[in-house]
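Before any comments, here is the structure.
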Amino acid sequence: MEQDREKKSLDFIRTIIEEDIKNGKHGGRVATRFPPEPNGYLHIGHAKSICLNFGAAREYGGTCNLRFDDTNPTKEDTEYVQSIIKDVRWLGFEWDDRLYYTSDYFGQLYEYAIKLIENGKAYVDSLTTEEIREYRGTLSEPGRESPYRDRSPEENLELFRGMKEGKFGEGEHVLRAKVDMTSGNLNMRDPVMYRILKQHHHRTGDEWSIYPMYDFAHGQSDSIEEITHSLCTLEFEDHRPLYDWFINALEIYPPRQIEFAKLKLSYTLLSKRKLMQLVSEGHVTGWDDPRMPTISALRRRGYTPGSIRNFCDTIGVTKQDSTIDASLLEHSVRDDLNKTASRVMAVLNPLKVVITNYPDDTTEEMDAINNPEDESMGTRKVPFSKELYIERDDFMEDPPKKFFRLAPGREVRLRYAYFITCTEVIKDDEGNVTELRCTYDPETKGGNSPDGRKVKATLHWVSARHSLSAEVRLYDRLFTEAEPESDKEGRPFTDFLNPDSLTVLSNTKLEPSLREAKPGVNYQFERLGYFYTDPEDSAQGKPVFNRTVTLRDTWAKVRQK
RNA sequence: UGGGCCGUCGUCUAAUGGUAGGACCCUGGCCUUUGACGCCAGUAGUGGAGGUUCGAGCCCUCCCGGCCCAGCCA
C-alpha cells in the first residue's frame with residue numbers, strides 16, 4: 001500500500017528552491033539570509049521570515065546568514081542589535097560565524113558606486129530634497145531629468161569623493177543612479193544611492209559622512225554573500241527591477257529575489273513605527289510588555305519557541321495579503337504547553353470554604369498528577385485541611401440550569417481530594433457571599449466514591465493555611481478591534497486600546513509548591529490557563545505570574561448565551 | 001487615472017486541466033478527577049461574465065474588488 005507515503009505540499013518558495021536544486025542551479029547550493037534593520041525589536045511578523053529563511057536553509061542543507069541592514073545611522077542602535085541576536089537564537093536558529101552587517105560592506109559599496117559613476121550610470125545631483133520630489137513626477141505623470149544629470153564622470157567623481165570626505169553639508173548633494181525618469185515604476189526614476197549624513201554610526205563610528213540607501217545596499221549585500229534566494233516581503237516587488245539593474249550594471253553575482261506576503265495578525269499591530277509609539281507614549285511598559293506582539297514580549301508572556309515555530313509552519317507562505325486570526329497563535333501555544341507544562345492548583349479569586357466535619361488541626365497530603373499528558377512528569381503532594389479556598393466563579397447561590405459547579409445543597413469533587421456538599425452560605429451585611437460551609441465525605445478520599453456516585457464538577461482548591469499569595473497578571477488582547485489600524489472613520493489605533501488588556505491580581509491563593517517556582521517556567525493553573533513566572537519581576541520565594549493564555553472555556557460560552 | 005502584485009469555507013491554506021482537502025474558529029455528540037486535552041460528526045468556499053476543452057479553482061479575454069509605490073526610511 002502507498003497509504004503511508006505522505007504527500008507533502010510545498011509552499012511556492014520551497015517549490016522554487018527544490019526546482020533550482022534539481023536543475024543544479026548554484027550547484028545545488030542554498031543560501032538565504034535574515035536581514036533586519038536594527039531600529040526596533042523583532043515581532044511575530046519577523047518570526048515568519050526567520051522561520052522561512054532559517055527553516056528553508058536547514059531543510060535543504062544550506063546556510064542562512066544573519067545580516068543587519070544598518071545603512072541609516074540616525075535610527076539604528078546596538079540595543080536593537082543585541083535584542084535581535086537574542087531573539088533569533090531563542091527561536092532556535094543558529095548562524096555560526098555568519099553574522100554580518102551591511103556596514104561591513106560600506107567600502108565595497110563605495111567602490112561599486114565609483115564604478116557606476118565611471119560607467120556613466122550614476123551622477124551627483126545637487127537638487128534640494130523638495131526639488132527632487134518635484135522632478136520625480138507623480139504616479140500618473142512621468143518625471144523630469146535633473147539639470148545635473150549630465151555632469152561628466154570626472155566631475156561626478158570629484159564631487160562624490162568630496163561628499164565622502166565631508167566637504168559638503170547634509171542635503172547639499174546626493175548620488176543618483178541614471179536609470180529612467182519616465183518609468184512607470186517610481187523606483188527606477190533615478191533613485192538616490194548615497195546621501196550625506198554626518199552621523200555617528202553604531203559600528204563604523206565617524207568614519208563615513210555618506211551612507212548608502214537601502215536600495216543601493218541590499219541587493220549588493222545579498223550578492224556579496226552569494227545569497228541564492230533573497231526572500232523578502234511583497235512591498236519590495238517593485239524594487240526588484242532596480243536591484244537587478246544594479247547587479248547587471250555592476251556585473252556581479254545575481255541572487256534571485258522572491259517576495260512573499262508579510263504577516264498580519266488580528267487584534268494587534270505589526271508596524272515597528274506604531275509599536276515604537278506604544279512604547280514611547282507609555283501605553284505599554286516597554287518592548288517586552290507581555291501585551292506586545294514582539295518576540296521578547298511573547299517570550300516574557302510564556303510563549304515557547306516551539307509554539308511560535310509551529311505557528312509559522314501552520315500559516316504558510318504565499319503572496320496573498322492575509323490576516324491571521326489571533327486564535328491561531330493562541331492555539332499554537334496551548335497545543336505546546338498542554339504537553340509540557342506542569343499542572344498546579346491556583347485560586348485567583350478566592351472564596352473561603354470551611355469543611356465543618358473535618359478535624360481542626362489535621363493536614364492530609366493529597367497525591368496530584370503533574371501532567372496527565374506525560375506520566376514521566378510524576379506526582380506531587382498537595383496539602384488539604386479544614387479551611388480552603390475555591391474560585392468564586394465556581395459557586396452560584398442560584399445557579400442556572402447548565403451550571404454544574406458548587407451551589408447550595410450540591411455535591412462536587414475537589415480535585416485529588418474529597419467530595420464536598422455545600423450546606424450553608426455566609427454573607428456580609430450587603431449580601432455578598434463571604435464564606436461557604438460544606439461537609440465532606442471521608443469515603444471519597446482521592447476523589448472517587450466507593451458507592452460509585454457521580455458528581456458533575458471537579459473544582460480546584462487550595463488549603464488556606466498552606467496557601468501562597470502571589471501577584472498574578474492577567475493579560476488580554478491589546479486592542480478591542482480586530483484591525484486597529486484600519487478604522488472606517490479613520491480613527492487612530494490608540495482609540496482602540498483595550499482598557500482591560502492587563503488585570504493585576506494580588507489576593508490570590510496558590511498551592512504551596514509554587515513558593516519555589518523559578519523564574520521563566522511555564523505552568524498550567526488547572527481549569528484556568530497557562531501561566532509563566534515572570535523572568536524580570538519574580539524573586540526567590542516570591543514568584544510573579546503572567547498569564548500566557550486561558551484554557552478554552554466552554555462554560556464561558558454557555559454562560560454568555 | 002502610471003507601474004507592480006493578489007482574489008478558494010468566517011480566518012489561513014492545499015488541489016500534474018480530472019472527486020475542491022486540511023488547520024483554526026464555530027456547532028453538535030462521545031470521553032473526562034481540568035466544562036481542559038482527546039475522539040467522532042457537522043456547517044461552510046473557487047469575486048463576476050464570457051471563451052478554450054470531453055472536462056476549468058487552474059489556461060485565455062473582459063469586468064469587479066483588494067494591496068503596494070510619489071523618503072536624502074527600510
Point to revise | Pair pattern of RNA chain B in dot-bracket, where unpaired bases get dots and | marks partners in another strand, Watson-Crick or G-U under 3.5 angstrom | key: .((((((..((((....[..)))).(((((.......)))))....(((((..]....))))))))))).....
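Applying the 4.0 Å criterion to OP1 and OP2 of B:A74, one finds that A:Thr71 has a side-chain N or O inside that range. OP1 or OP2 of B:C24 sits under 4.0 Å from a side-chain N or O of A:His331. A:Arg343 has no side-chain polar atom (N or O) that falls below the 4.0 Å cut-off from OP1 or OP2 of B:C37. In this structure, A:Thr138 does not reach the B:G2 phosphate: none of its side-chain N or O atoms is under 4.0 Å from OP1 or OP2. Considering only side-chain N and O atoms, A:Lys557 lies under 4.0 angstrom from the phosphate OP1 or OP2 of B:C26. A sub-4.0 Å separation between OP1 or OP2 of B:A74 and a side-chain N or O of A:Arg195 is present. One finds no side-chain N or O of A:Arg189 lying less than 4.0 angstrom from the OP1 or OP2 phosphate oxygen of B:G71.
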Practice item. Report the C-alpha separation of A:Asp87 and A:Ser83 in whole Å, then their side-chain angles, then the decisive distance to 0.1 Å, and conclude whether the side-chain hydrogen bond (donor to acceptor under 3.5 Å, both in side chains) test is met. Key: CA-CA 6 Å; A:Asp87 289 349; A:Ser83 75; 4.8 Å; no
Check your understanding: Does the pair A:His173 and A:Ser126 meet the rule for a side-chain hydrogen bond (donor to acceptor under 3.5 Å, both in side chains), with working shown?
Key -> CA-CA 5 Å; A:His173 306 289; A:Ser126 308; 2.8 Å; yes
Practice item. Evaluate the criterion side-chain hydrogen bond (donor to acceptor under 3.5 Å, both in side chains) for residue pair A:Arg380 and A:Asn370; output intermediate values, then yes/no. Key: CA-CA 7 Å; A:Arg380 68 186 187 285; A:Asn370 288 332; 2.9 Å; yes
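Here side-chain hydrogen bond (donor to acceptor under 3.5 Å, both in side chains) pairs that include residues 311-324 of chain A, with residues two or more places apart or in two chains, are A:Glu237-A:Lys319. Screening residues 444-457 of chain A for salt bridge (Lys or Arg N to Asp or Glu O under 4.0 Å) gives A:Glu364-A:Lys445, A:Glu411-A:Arg453, A:Asp441-A:Arg453, A:Asp451-A:Arg453 as the qualifying pairs, with residues at least two apart or on separate chains. Within the structure, the salt bridge (Lys or Arg N to Asp or Glu O under 4.0 Å) test picks out the following pairs touching residues 185-200 of chain A (sequence neighbours left out): A:Arg149-A:Asp190.
By the ring pair (Phe, Tyr, Trp, His ring centres under 6.0 Å) test, A:Tyr523 pairs with no residue at all, sequence neighbours left out.
One atom, CG of A:Leu159, and another, P of B:C72, lie 18 Å apart when rounded to the nearest Å.
Take the nearest nucleotide of RNA chain B for A:Thr129 and for A:Lys264: the residue whose nucleotide is more 5' is A:Lys264. Both A:Asn39 and A:Arg334 sit near RNA chain B, but only A:Arg334 has its closest nucleotide nearer the 5' end.
Atom C1' of B:G57 sits at a distance of 16 Å from the matching atom of B:U53, rounded to the whole Å.
Anti is the conformation of B:G65, whose glycosidic angle sits further than 90° from 0.
Checked against A:Glu391 for a side chain to side chain donor-acceptor pair (under 3.5 Å), the options A:Arg405, A:Lys509, A:His460 give a single hit: A:His460.
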Point to revise | Letter per nucleotide, 5' to 3', of nucleotides 4-13 of chain B [B base touched, S only sugar-phosphate touched, - untouched; heavy atoms, 4.0 Å] | key: SSSSS--SSS
